[in-house]
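These notes are about the structure you will find just below.
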Amino acid sequence: MATIDEHDTAARGAGHAPNSPNGQTPRPRRRKRKIALGVVCGIIALVVVGVGIAVFVGRSFTAQETVVRSDWSASAEGELIGHDDQFGISLYTADLASDLIVAQLVPDGTDEEGFTYYDTAVQDRIDGTLDQIQERVAWTASNPLAVLNPYGTGSNGLYLYFETDLDTRIDYTVHVDDPAIPDFTATAQNCAEGHEGEKFSTVHEFQLIGLVPGKTNEVTLTVTGSFGIERQVVTFSVTMPETKSGYATQLASIEGTSAAPLSDGLFAAVRQNGYLGYGFFYDNNGILRYEMVTEGLGLDRILYYGDDIVVCSSAGGIARVDGLGRVVSAYDLGDYVLHHDINYSGESTLVALVEREGAESVEDIVIELDLETGAVTELVDFTELMADYVEEYAHVIGPSDTFFWQAGELDWIHLNTVEYLAEDDSIIVSSRETSTIMKVSNVHADPTLDYFIGEEEFWEGTPYEGLNLAQVGDFKLQYGQHSVEYDGEGPTQGSYYLLLYDNNYWALSTRSGYSPDLADTDASTDLYNGVASYVYRYLVEEEAGTFELVMSFPVPYSSIVSNVAHTPESTNYVVNSGISHVFGEYDESGALIRQFSYDCQLQGYRVFKESFEGFWFADDGKEDATS
């Protein structure tokens, strides 16, 4: 533009313009040029602003994953009864319509910055007050100690404590006067100190699960003796508060073509964007039976540890929680930030996918957490393990790349699941960015890449081109896969199966100049529009250096997130397609039994199904899966 201005100025100084027959400056032409340049500059400015807005919105969206809950206020606080000065706990009546007197415990300091129920010191204070209340009254089945969500980790759990003269078990049924909500029946898992897990006991302490938020729930407790004789039936009603998250209490569903029965258990939706900091547990009819409240993020996965569960409680923490909702242990990961997955690596250790806080390279590290000591050990930093690839082929994400909301980050591998195999001290990880499954052995000593399952062409010319297992058979490889899981031993020595969610989506934001040949496939490059995603089951023969597809079936398309997992004690699968906002249960042949739809912002991360036997329910009492 400076050159044009200088040229025009010189022409005006000479009294005429070049190529002007009448000696006058052709001003209209100059104006058009200025207008055209202005339009171009305006478009560029709009593009820059648009990209900036998009990046800002994207960053704002992903930032919710690291937010830590600051509001721990009670949802149904009623009249103040008294204050426990020793433990700093206020005792209220819960503001609920109920035949029982339901209490609510509120620790001092809930409105102070930094307060969290995921602090074992807070949990100890609550325990101290509960112990005192238990000792002051002879609590019976017809007059139990009832407390709404005493430990602050579940909004619609009802804590009950009472004693019986003889050894008994407690069965219960929750009824709501609504034809769309079937009854919920279970046998309570006893969590009383010294009586944990006892099927029959004289002391009963448990969390009653299944109460529907926002509804009047009629509860029937059946007290049965060890010889099967019914000794007492107690009924009461309680109107529960609405969900703390504002989430739906009933999901819409459709029936599939399969006549196979649904498995028993509860579906656990562990990370719905827009509702992070909660876990939602639905029965087979899509009724919300429990809302778990965490510090932030999502549960990612539910691991059993004795009679407790281990979950992600925030982006920087992992928690061990018992059946009462009590936080038994809280683990701080220091400078590591969680993303995507945790899994077991031993009897008392687990592996977790993390990134180093503030680092340019993200979603690239595997650590180990000792659940007994709380010690955190870094096992594999893939950016170091594969430094030659990163230095030569990878670049940070730019504002015009597919995953523009991560602009400025080096998300070159994007690990999304981890599985530990003890036999050779190895891990199997899924890399979404490279559409590759990777195995690394000797992770506690000298991490070594064993093999890849992915496109050979992608790794050609790199230091890792010889690591790909050979494909047996003609089938489309996985693209952007999630939830790669070890799925049992194979038919020959050393072989095994891998179960995975093939997103069937190709995107690459950190490497230039490569794109796969997707011709003659139904793989998509569109975030929202695709033909289908797939459940894949591979047979891996390490000794032969091969893998083959032995089972697959199509599911609703989801470009990112999503998972497949087995259902408890059945051959069914639960599959979550997170971008389509649906999850469903499928029979062993891949035919849909029932599918549920849910609300969230952009994506729902994972859905599992668990029986929760030994945690919430005794082993002879499970959720009623009828209808």
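The figures that follow rest on heavy atoms only: side chains count, while hydrogens, waters and symmetry mates do not.
Between Leu148 and Pro241, the shortest heavy-atom contact is CD2-CG, 4.4 Å. Nearest heavy atom pair, residue Gly334 against residue Glu357, reads O-OE1, 4.4 Å. Closest of all the heavy-atom pairs between Leu499 and His566 is CD2-NE2, 3.9 Å. Minimum heavy-atom separation, Asn343 to Val418: ND2-O, 3.1 Å.
Side-chain contact between Leu130 and Leu105 is present, with at least one heavy-atom pair separated by less than 4.5 Å.
Side-chain atoms of Ser361 and Asp364 include a donor-acceptor pair closer than 3.5 Å. Under 3.5 Å, the side chains of Ser73 and Asp71 contain a donor-acceptor pair of N or O atoms. Side-chain contact, Tyr159 with Glu205: a donor N or O sits under 3.5 Å from an acceptor N or O. Looking only at atom types and distance, the side chain of Ser509 has no donor-acceptor partner in the side chain of Trp412 under 3.5 Å away. Side-chain contact annotation: Asn576 with Tyr598, donor-acceptor N/O pair under 3.5 Å present. Under the 3.5 Å distance criterion, with hydrogens and angles disregarded, a donor-acceptor pair is assigned to the side chains of Gln481 and Ser430. Counting only N and O atoms by type, the side chains of Asn156 and Glu291 include no donor and acceptor under 3.5 Å apart. At a cut-off of 3.5 Å, with distance as the only test, no side-chain donor of Glu372 or Ser348 sits close to an acceptor on the other residue. Of the N and O atoms on the side chains of His339 and Asn416, not one donor lies less than 3.5 Å from an acceptor on the other residue.
Screening Asn563, Asp341, Asp300 for a side chain to side chain donor-acceptor pair (under 3.5 Å) with Arg606, the sole residue that qualifies is Asp341. Screening Glu363, Glu384, Glu378 for a salt bridge (Lys or Arg N to Asp or Glu O under 4.0 Å) with Arg356, the sole residue that qualifies is Glu378. Results of the ring-ring contact (aromatic ring centres under 6.0 Å, His included) test with Phe267 over Tyr290, Phe583, Tyr282 single out Phe583 as the only residue that passes.
Not less than 6.0 angstrom separates the ring centroid of His414 from the ring centroid of Phe403. Taking the ring centroids of Tyr117 and Tyr151, they lie at or beyond the 6.0 Å cut-off. A ring-centre distance under 6.0 Å is found for Phe281 and Phe612.
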- Going through the checks in order, is the side chain to side chain contact (heavy atoms under 4.5 Å, CB included) test met by Leu498 and Glu485? CA-CA 5 Å; Leu498 294 178; Glu485 312 240 346; over 6 Å; no
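Residue Arg594 holds its CZ atom at 12.0 Å from CG of Leu251, rounded to the nearest 0.5 Å. The CG atom of Asp502 lies 10.0 Å from the OG atom of Ser483; values are rounded to the nearest 0.5 Å.
The number of heavy atoms from other shown groups lying within 6.0 Å of CD (Glu347) does not exceed 12. Within 6.0 Å of CG in Asp124 there are more than 12 heavy atoms belonging to other residues, nucleotides or ligands.
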